[in-house]
Structure formats: structure tokens, C-alpha cells
Asks: 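The structure that follows is given in the form of C-alpha cells.
All residue numbers refer to positions in the sequence shown, counting from 1.
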Amino acid sequence: MPQPSRAPAPLEFPIAELKYGRTTKKAGEFGGAVRLSSGGDLFLGLPAGSGAPLGEVRMKRREVVLGGKVMFGRKRFAFELQELDNGPEAVAALLKKGHLKDVSPTSRFGVAMARTVAPLWSLQVKFEDVASVDMRGPPGAQVVVLKLKKCMSCYKKPAGRHRSATMEVAEDITHGAKTLQFTAILPESEAAGCRRDPSAKPKQPFSAALGPLAEQCP
């Protein structure tokens, strides 16, 4: 008796913009600069800062981080969203909630550790709930519009829990939106605000998911 084929592994892809309902989120860094020490950068594999004195790094205070994922086994899309405050007060509060003691909130290492326990939203859409898909533009800036049969599901990882923690069902931050639009970019085009965890699996272009999606979607 033939065995059922295993679903492909989840595929992560970078996105530069996410729209749901009347809300638009753009990946990137914003606001004034904060000064951080570069302690721990070599451990994290972070590049040296530019335009700052030796041992000091400058980062924008605000950051929006976006990421897309196709979970073939669960037959759904997931779009992750984080809005970060890199200021020392906000970083210190996250480190405290995450029980990360003896980590300086004024170091880039501290900022990196704080974002592992920062709140994380996930907007999820089942394949079967997609009414139509419209794609336009080149692979490096491909706009994809999903028209939905029903509202998407919202999940959240609260502040203080690690990224690997199980997400909880959360309130609908899309306010019942039945359209989701994202701009997919190439992995080499990733900039500030696109998911860039050094320990994360390498991302692939969204186009790499189209073949497996065609086999699984009705």
C-alpha cells in the first residue's frame, strides 16, 4: 500500500510590506538614533557599526520587522510582525520580563537578546480559505494579494517569552479584514526590518513556494 507523501518543510520568505484591511506595515528602521556599545557583536555575528566611534554602534530607535512563511504541513500561510523599540528603557523592560539578567540594555547584544523575547504577532491564513490570488511585479518586488473567504486567524507571543514558545490565539488586529497583501522581495535584498536572526534558517524567494503550493491548494 503506497505511503502518503510527506509535506515539504516550511518555507520562509522575506517581505518588505504587509497590508491587511486599512493597515499598512513597512519593514525598516525609523525615528531618532540610540547609541549602543558593541559588546557581544562577534558572538552574535553582527557587522561592525558605521559612522560611530570604535566600540559604539548607532541604531534607529524604532523598527518594524516582517517575515512570511508557508507551512505546507499545516496548509497555511503565516505572516509575522514585530514592532520594536530599541531605546534602553524599553529594552531593559523586555530583558526583565524575559528573565535575562546581567545583560546590558545599552549594548547591541542586549538589543538582540531583547528582541528574542519581544511580542510577536502572526497572521495566519489557511490554504482552503483563499478565494483568489493576484500577483504582479518582478520577483524582487512582487506584490501578492490574497482575497479570503473568511477572516484570518491572529496569534500572539506575549512579551517575555522566547521566539520558540507556543503562540496564543489573540484578538483580531485586522478588524475582520478579508484581504491581505504583501510585497515579497529576494533574500539578498533584505534590509533592516526583514527577519534577520543569525540562527534562523536561510530564507528563499516566495516564487520557490509556488510549485508546492500548486500541488496542495485546491
Asks: Hey, what do you get for CD (Glu63) to CG (Asn86), rounding to the nearest 0.5 Å?
Replies: 5.5 Å
Asks: Is the shortest heavy-atom distance from the side chain of Glu12 to the side chain of Glu80 under 4.5 Å?
Replies: no
Asks: Could I get the full list of side chain to side chain contact (heavy atoms under 4.5 Å, CB included) partners for Ala209, not counting sequence neighbours?
Replies: Leu11, Val70, Phe72, Leu213
Asks: Rounded to the nearest 0.5 Å, what's the gap from CZ on Phe30 to CZ on Arg62? Could you check?
Replies: 11.5 Å
Asks: Suppose the criterion is side-chain hydrogen bond (donor to acceptor under 3.5 Å, both in side chains): which pairs have a residue in residues 164-173, not counting sequence neighbours?
Replies: Arg161-Glu168, His162-Ser164, Asp172-Thr174
Asks: Would you name the heavy atoms of Lys149 and Ala131 that are closest together and state the gap between them?
Replies: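 So the minimum-distance heavy-atom pair works out to CG-CB, 3.8 Å.
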Asks: Under the side chain to side chain contact (heavy atoms under 4.5 Å, CB included) test, which residues partner Asp134, sequence neighbours left out?
Replies: Arg136, Val145
Asks: Does the side-chain contact (heavy atoms from CB on, under 4.5 Å) test come out yes or no for Gln142 and Thr183, once each step is laid out?
Replies: CA-CA 5 Å; Gln142 189 171 48; Thr183 302; over 6 Å; no
Asks: Checking Lys69 now: which residues fulfil side chain to side chain donor-acceptor pair (under 3.5 Å) with it, not counting sequence neighbours?
Replies: none
Asks: Considering non-hydrogen atoms only, spot the tightest contact between Ala118 and Leu84 and give its length.
Replies: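 Looks like CB-CD2, 3.6 Å.
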Asks: Sequence neighbours left out, cut at 3.5 Å: what donor-acceptor pairs do the side chains of residues 15-27 make with other protein atoms?
Replies:
from, atom 1, to, atom 2, distance (Å)
Lys25, NZ, Glu83, OE2, 3.0

Asks: Check whether any side-chain heavy atom of Val143 lies under 4.5 Å from a side-chain heavy atom of Met135, and answer yes or no.
Replies: no
Asks: Can you tell me how far CD of Gln181 sits from CG of Leu146, rounded to the nearest 0.5 angstrom?
Replies: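 Spacing of CG (Leu146) from CD (Gln181) equals 9.5 Å.
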Asks: Search all heavy atoms of Cys154 against all heavy atoms of Leu123 and return the closest pair with its distance.
Replies: SG-CD2, 3.7 Å
Asks: Please, which pairs that meet side-chain hydrogen bond (donor to acceptor under 3.5 Å, both in side chains) have at least one residue in residues 93-104, sequence neighbours excluded?
Replies: Ser104-Thr106
Asks: Are any non-hydrogen side-chain atoms of Cys151 and Lys178 less than 4.5 angstrom apart?
Replies: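 Touching, per the 4.5 Å side-chain cut-off.
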Asks: Just jot down the side chain to side chain contact (heavy atoms under 4.5 Å, CB included) partners of Ala170, sequence neighbours excluded, or say none.
Replies: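 In terms of side chain to side chain contact (heavy atoms under 4.5 Å, CB included), with neighbours along the sequence ignored, Ala170 is linked to Trp121, Lys156.
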Asks: What residues form a side chain to side chain donor-acceptor pair (under 3.5 Å) with Ser122, not counting sequence neighbours?
Replies: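 Only Gln124 meet the side chain to side chain donor-acceptor pair (under 3.5 Å) criterion with Ser122.
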Asks: Is Phe127 reachable from Val133 through a run of I, L, V, M, F, W or Y residues, each pair having side-chain heavy atoms under 4.5 Å apart?
Replies: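 Val133 and Phe127: one cluster.
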Asks: Ignoring hydrogens, what is the shortest heavy-atom contact between Ser107 and Leu36? Give both atom names and the distance.
Replies: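 Looks like C-CB, 4.0 Å.
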Asks: In Å and rounded to the nearest 0.5 Å, what is the CG to NZ distance from Leu120 to Lys157?
Replies: 6.0 Å
Asks: When you look at Val64 and Gln82, which way does the side-chain contact (heavy atoms from CB on, under 4.5 Å) test go after all the steps?
Replies: CA-CA 6 Å; Val64 175; Gln82 270 188 315; over 6 Å; no
Asks: Minimum heavy-atom separation for Leu94 and Ala114, please, with both atom names.
Replies: CD1-O, 3.9 Å
Asks: How many angstroms lie between atom CG of Leu186 and atom OG of Ser207, to the nearest 0.5 angstrom?
Replies: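 If I round to the nearest 0.5 Å, the distance is 7.5 Å.
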Asks: For Arg61, enumerate each residue passing the salt bridge (charged side-chain N to carboxylate O under 4.0 Å, His left out) test, keeping only those at least two apart in sequence or located in another chain.
Replies: Asp85
Asks: Could you list all the ring pair (Phe, Tyr, Trp, His ring centres under 6.0 Å) pairs where at least one residue sits in residues 163-187, not counting sequence neighbours?
Replies: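 Non-adjacent pairs meeting ring pair (Phe, Tyr, Trp, His ring centres under 6.0 Å): Phe13-Phe182, Phe79-Phe182, Phe182-Phe206.
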Asks: Let me confirm one number: the OG-CG distance from Ser132 to Leu148, rounded to the nearest 0.5 Å.
Replies: 8.5 Å
Asks: Does Lys126 have any side chain to side chain contact (heavy atoms under 4.5 Å, CB included) partners at least two apart in sequence or in another chain, and if so, which?
Replies: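 Result, side chain to side chain contact (heavy atoms under 4.5 Å, CB included) vs Lys126: Arg76, Glu128, Asp129.
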Asks: Would you check if Leu66 and Leu81 make a side-chain contact, meaning some heavy-atom pair closer than 4.5 Å?
Replies: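 Counting from C-beta outward, Leu66 and Leu81 do come under 4.5 Å.
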